Amino acid sequence: MKNMLVTGGCGFIGANFVRYLLEESDFTGRIINLDKLTYAGNPENLADIETDYKDRYIFIKADICDGTRMAEIFEHYEIDSVCHFAAESHVDRSIAKPGEFIQTNIVGTFNLLESARIHRNRMILFHHISTDEVYGSLGREGHFKETTPYKPNSPYSASKAASDHLVRAYYKTYGLPMTISNCSNNYGPYQFPEKLIPLIILNALEGKSLPVYGDGRNVRDWLYVKDHCIAIWTIMKNGTSGETYNVGGNSELENIKIVEMICDILDEKNPLSDGGSRRDLITFVKDRPGHDLRYAVDFSKLSKNLNWRPKQSLETGIRDTIQWYMDNREWVERVKSGEYQTWIKTHYS
Ligand code: NAD
Ligand code: DAU
């Protein structure tokens, strides 16, 4: 893989992946990071990479919904591999305003597949990043396997399911080499503070209320983002074309438990002046419509075939993540104030 197109590389997982690939992995090629820079894309996440890896890292501001532009980029940069992160990723936004999810997640993925199809003679791999949410919701028992039928419940997960089907269809119909990974909930550095864990960390630090949907008993399977990045690169290097791999953290927890865990760690690291508990900030709010009860991922295929398993425990991962948000207040302030968007407008108009 000499010229890898990474889409959505300025978002949370994409930025961690670019960083991992260049700083820690055995990847020796060049990364072409293509990102539209929506509210969730922040090139400041990779500012040091842009300086330190001038010969191996290129950033392009572009929209995957622009098919003509995608074809030009594949041609110009002689793209031979794709790692496709770009998406609208937040479930609540998909419920409020689904249109953008259909465009980016389905039409955008289709455009990339078309460009890859045209250049399939030099295409080594199209790796598609997907989610465990395509399988729908579990009851209190059981795990999602790669063979679990798709049953998405939100506009977000339905759009991701559609994109997964398109990727597989291009393998079956046109012989495009591809792999898909379906991963559980990620957390870690650079996550946009609309998702549960960074939202709770920042609200708790600021003494604001901590919104928990419904009764807080919904369960997610948490995975530290770097472990996800290692899984993706493992699949890209050693996975079998045409296959899907589930990725999970083996760290199931009810939402209320993870919120309490964050409160307790923060009380220990940064005690409140009156000696009180941040648990008092927890507020149960109206539930998310169609809220999936539980996700749990069986990743035995990935561990047996490709020898991957998560390295970071939930306890240490949450501690490291809290510390990252405490140490990076400037990043937090620029994201929360919207200042990063002003910077984008002046630099990428
Ligand atoms: P994110 O929202 O933080 O980042 C998405 C990135 O895509 C942003 O940089 C954004 O600017 C870019 N983007 C959006 N629309 C675009 C378009 N039309 N053209 C080009 N770029 C565009 O998302 P994330 O949490 O990093 O998720 C990345 C991928 O991983 C998504 O495909 C998501 O479905 C999947 N995923 C996420 C998780 C999770 O827990 N966050 C878990 C499993 C799978
Ligand atoms: O499972 C993988 C998916 O995980 C990814 O595909 C998505 O891109 C990613 O956003 C994430 O989806 P969730 O909806 O599970 O993540 P979120 O952080 O939004 O919510 C986690 C849980 O916490 C969920 O049960 C809803 C709940 N929640 C969320 C928010 C934002 C709250 O209770 N309060 C909140 O304020």
Side-chain angles (χ1 to χ4, degrees), residues 6-17 33-43 45-46 60-66 69-70 83-95 100-101 103-105 107-109 111-112 128-135 137 144 152-154 156-157 159-160 163-164 181-188 190-200 203 209-223 225 228-229 232 246-249 253-256 258-259 282-288 291-297 344:
V6 173
T7 69
C10 293
F12 163 49
I13 308 175
N16 278 283
F17 181 71
N33 173 14
L34 183 162
D35 198 299
K36 180 181 173 183
L37 302 181
T38 67
Y39 78 95
N42 184 353
N45 295 350
L46 292 171
I60 304 170
K61 182 177 185 292
D63 185 343
I64 59 170
C65 295
D66 182 345
R69 184 94 195 275
M70 291 309 105
C83 188
H84 176 33
F85 293 92
E88 287 293 335
S89 70
H90 192 43
V91 173
D92 293 326
R93 285 182 191 254
S94 85
I95 294 166
E100 203 62 40
F101 287 72
Q103 287 308 315
T104 288
N105 299 1
V107 179
T109 301
N111 286 333
L112 291 169
H128 179 56
I129 308 294
S130 192
T131 170
D132 59 355
E133 296 194 13
V134 297
Y135 299 121
S137 181
F144 296 133
N153 290 319
S154 72
Y156 162 70
S157 53
S159 68
K160 291 297 289 186
S163 65
D164 292 10
S181 47
N182 293 85
C183 187
S184 62
N185 288 60
N186 284 215
Y187 68 97
Y190 301 106
Q191 188 164 31
F192 194 83
E194 64 185 350
K195 307 276 166 71
L196 182 70
I197 288 184
L199 178 82
I200 296 298
N203 279 13
S209 80
L210 309 177
V212 173
Y213 298 164
D215 62 4
R217 295 205 61 214
N218 300 66
V219 173
R220 296 294 180 266
D221 175 8
W222 295 99
L223 179 69
V225 63
H228 187 192
C229 295
I232 294 165
N246 280 354
V247 187
L253 213 58
E254 287 182 350
N255 293 337
I256 186 66
I258 202 142
V259 172
I282 294 172
T283 312
F284 291 95
V285 298
K286 193 167 170 286
D287 210 354
R288 173 185 278 173
H291 196 174
D292 288 337
L293 177 67
R294 175 172 165 261
Y295 307 143
V297 172
I344 287 169

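Treat the numbers as computed from the prediction; the structure is a model and nothing was measured. In listed order, ligands and their atoms are each counted from 1.
Not a single heavy atom of G108 sits closer than 4.0 Å to an atom of ligand 1. At least one heavy atom of A62 sits closer than 4.0 Å to an atom of ligand 1. Distances from ligand 2 to the non-hydrogen atoms of G214 include no value under 4.0 Å.
For ligand 2, the atoms lying closer than 4.0 Å to a non-hydrogen atom of S89 are 7 (C), 8 (O), 9 (C), 10 (O). For ligand 2, the atoms sitting less than 4.0 Å from at least one non-hydrogen atom of N255 are 22 (C), 23 (O), 24 (C), 25 (O), 27 (C), numbered in the order shown with element in parentheses. Contact atoms of ligand 1 toward A40: 2 (O), 8 (C), 9 (O) (distance under 4.0 Å to a heavy atom of the residue). Against a heavy-atom cut-off of under 4.0 Å, K36 is close to the following atoms of ligand 1: 16 (C), 17 (C), 18 (N), 19 (N), 20 (C), 21 (N), 22 (C).
At least one N or O atom of F85, backbone or side chain, sits closer than 3.5 Å to an N or O atom of ligand 1. Between V91 and ligand 2, a contact under 3.5 Å exists for no N or O pair. Here's the thing with D35: one of its N/O atoms is less than 3.5 angstrom from an N/O atom of ligand 1.
Scanning for side-chain contact (heavy atoms from CB on, under 4.5 Å) contacts around S209 gives T283, with sequence neighbours left out.
Residue nearest to atom 5 (C) of ligand 1, selected from G8, S89, A87: A87 (by heavy-atom distance).
In this structure, the protein non-hydrogen atom closest to atom 5 (C) of ligand 2 is Y156 OH, 3.6 Å. Considering only non-hydrogen protein atoms, atom 32 (O) of ligand 1 sits nearest to K160 NZ, 2.6 Å. Protein heavy atom at the shortest distance from atom 36 (O) of ligand 2 is L199 CD2, 3.3 Å.
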